[in-house]
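In what follows, a structure is listed as structure tokens, so that the remarks can point back to it.
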Amino acid sequence: NAGVMQNPRHLVRRRGQEARLRCSPMKGHSHVYWYRQLPEEGLKFMVYLQKENIIDESGMPKERFSAEFPKEGPSILRIQQVVRGDSAAYFCASSQMDSYNEQFFGPGTRLTVL
Amino acid sequence: DQQVKQNSPSLSVQEGRISILNCDYTNSMFDYFLWYKKYPAEGPTFLISISSIKDKNEDGRFTVFLNKSAKHLSLHIVPSQPGDSAVYFCAKGGGSSNTGKLIFGQGTTLQVKP
């Protein structure tokens, strides 16, 4: 009974490159959430997705960031033209339908932008 | 607009004693509160939660108290153990819009000394 899986665990990019972060939810979970943790801060909500639908993207920066959760395969958080300020830990969480508050987190992807 | 605040960045207690972690919140009527524990380089792990219709919830060594009039909640760990040393985040979920977004505090680093 695997938990939430994220890969890669560590990702290094140079300024201007693209970063793709992947998240596979727990088995039986249809809701995925992405959070970002900047150094010395708490986790900040970015986006909430269900299969093929973005439900709430109120925490996503308006430019360069996008997320999807296709019918098949993992959820992807994509950051285009990365900048140093994008360096952070990105956590994915998943939940069952109708259990929005019981979110289980993955180990995170630590993005470093050089 | 910080809806969840943890004003103590760190706390140190002796093994066997009580640890009390505090959290203040704003803007809630029918909310749901959660505590997560986080070790370095890992994702947050759910600990305990409480609905705003209750004022106490207990699970083993962990008890969460909710004071709605003061908009304050606290997590008590008794007795504290060295393995409890971690960062603790309180989070607010639920609400009438129920978008699935969790709002986290900044975290409190607990150190339990043997």
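Throughout, a chain's letter reflects where its sequence line sits, starting with A, and its residues are numbered from 1.
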Discussion item. Run the side-chain contact (heavy atoms from CB on, under 4.5 Å) test on I103(B) and F45(A) for me, step by step, so that the C-alpha distance in whole Å, both residues' side-chain angles and the decisive distance to 0.1 Å come before the verdict.
Written reply: CA-CA 7 Å; I103(B) 300 171; F45(A) 169 82; over 6 Å; no

Discussion item. As a quick check of understanding, evaluate side-chain contact (heavy atoms from CB on, under 4.5 Å) for K38(B) and F91(A), giving each step before the final call.
Written reply: CA-CA 12 Å; K38(B) 186 182 179 304; F91(A) 293 97; 3.4 Å; yes

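Within a 6.0 Å sphere centred on CD of Q111(B), other residues, nucleotides and ligands contribute more than 12 heavy atoms. Counted within 6.0 Å of CE on M60(A), heavy atoms from surrounding residues, nucleotides or ligands total more than 12; the atom is thus considered enclosed. Surrounding CZ of R61(B) are more than 12 heavy atoms belonging to other residues, nucleotides or ligands, all under 6.0 Å away. More than 12 non-hydrogen atoms from other residues, nucleotides or ligands lie less than 6.0 angstrom from NZ of K51(A).
The minimum heavy-atom distance linking Q37(A) with F89(B) is given by the pair NE2-CZ, 3.6 Å. Smallest separation of non-hydrogen atoms from Y35(A) and K101(B): OH-C, 4.2 Å.
Panel note: side chain R110(A), backbone A41(B); no donor-acceptor pair is recorded below 3.5 Å.
For the atom pair CG (L102(B)) and CD (E102(A)), the distance works out to 10.5 Å, reported to the nearest 0.5 Å.
Two rings, from F46(B) and F105(A), have their centers 6.0 Å or more apart.
Linking Ile, Leu, Val, Met, Phe, Trp and Tyr residues whenever their side-chain heavy atoms come within less than 4.5 Å leaves M26(A) and W34(A) in two separate clusters. Note on F69(A): it does not cluster hydrophobically with F104(A), by side-chain heavy-atom contacts below 4.5 Å among ILVMFWY residues.
Interface summary for chain A: among P44(B), A91(B), S49(B), the most heavy-atom pairs under 4.5 angstrom belong to P44(B).
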